[in-house]
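Scroll down for the structure; my scribbles are underneath it.
Predicted model, so just to flag it, every value in this text is computed and none were measured.
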Amino acid sequence: HVKNNTLITGQNDTGKSTIVDAVAFIITAGDQIFNLAANEKSKRDLRGYVKCKLGIDNKEYLREGDTTGHVALEFYDESKQEYFTVGSVIDIFGEVLPPKVIFYHIKGQMKDEYFIDEENRINTTVMFKKTKKAHKVYLTRREAKLAFRSLFGSINETYFSLIPKAL
């Protein structure tokens, strides 16, 4: 639970920028530069985040093979007195194909069933869509960004470009 101002501290390479990048990735619907908080010329990418790029010679990623990741943020709308969740499911299949990304909006609070099935397997983009838990699934960044802008109170487009630098 994050409220008001939050300070994230820690040693180098412990994930502080990763948390900031995850928040920015959702709020901007994937339209940001990774690790901007730490380095203006970052070379991090979505594949590296989802597969957990290690940067060591004998093992490139912590997660080998096909990998799926979820990022979700839960908000409380004080004017409507209700919760909503916005998030993304990211599939990394193979080493050549680009990541498959969907964004979504769920009315209500987060639940484990959004992310894992009955057998504790992580829901891929296809499985997530089959659960029909989302109020709306967005297949493009543009569609998600417009919807998220509306959910956050019809904020200005410029706001999205300022978020990564503000975080």
Tell me the closest heavy-atom pair linking [X] and [Y], and the distance in Å.
| X | Y | value |
| --- | --- | --- |
| Tyr138 | Glu143 | CD2-CG, 3.6 Å |
| Asp66 | Gly94 | OD1-N, 3.0 Å |
| Phe148 | Ile27 | CD1-O, 4.4 Å |
| Ala72 | Thr85 | CB-CG2, 4.1 Å |
| Ala144 | Phe103 | CB-CB, 3.5 Å |

Find out whether [X] and [Y] are in side-chain contact, i.e. whether some heavy atom of one side chain is under 4.5 Å from a heavy atom of the other.
| X | Y | answer |
| --- | --- | --- |
| Lys51 | Ile92 | yes |
| Phe25 | Leu46 | yes |
| Phe115 | Met110 | yes |
| Tyr114 | Phe128 | yes |
| Val89 | Met127 | no |
| Phe84 | Lys107 | no |

So, the side chain of Lys129 versus the backbone of Thr124: is there a donor-acceptor pair under 3.5 Å, distance only?
no
Val23-Leu151 co-clustered via ILVMFWY side chain contacts under 4.5 Å
yes
To the nearest 0.5 Å, atom NZ of Lys111 lies from atom CD1 of Ile106 at 9.0 Å
Value for CD1 (Ile26) from CG (Asp21), rounded to nearest 0.5 Å, stands at 11.5 Å
Show me the pairs that pass side-chain hydrogen bond (donor to acceptor under 3.5 Å, both in side chains) and involve residues 88-105, at least two apart or across chains.
Thr68-Asp91, Asp91-Thr125
Test question: given the 4.5 Å side-chain rule for I, L, V, M, F, W and Y, name all other residues clustered with Ile19, or answer none.
Ile8
Should the heavy atoms of other residues, nucleotides or ligands under 6.0 Å from CD of Gln81 be counted, would the total exceed 12?
no
Check whether more than 12 heavy atoms from other residues, nucleotides or ligands sit under 6.0 Å from atom CZ of Arg142, and answer yes or no.
no
Residues 113-125 vs salt bridge (Lys or Arg N to Asp or Glu O under 4.0 Å), sequence neighbours excluded, gives Glu113-Lys133, Asp117-Arg121, Glu119-Arg121
Side chain to side chain contact (heavy atoms under 4.5 Å, CB included), that's the test. Do Asn123 and Ile116 meet it? Break it down for me.
CA-CA 5 Å; Asn123 284 331; Ile116 56 174; 5.6 Å; no
With Val50, the side chain to side chain contact (heavy atoms under 4.5 Å, CB included) member among Asp45, Val71, Val101, Thr67:
Thr67
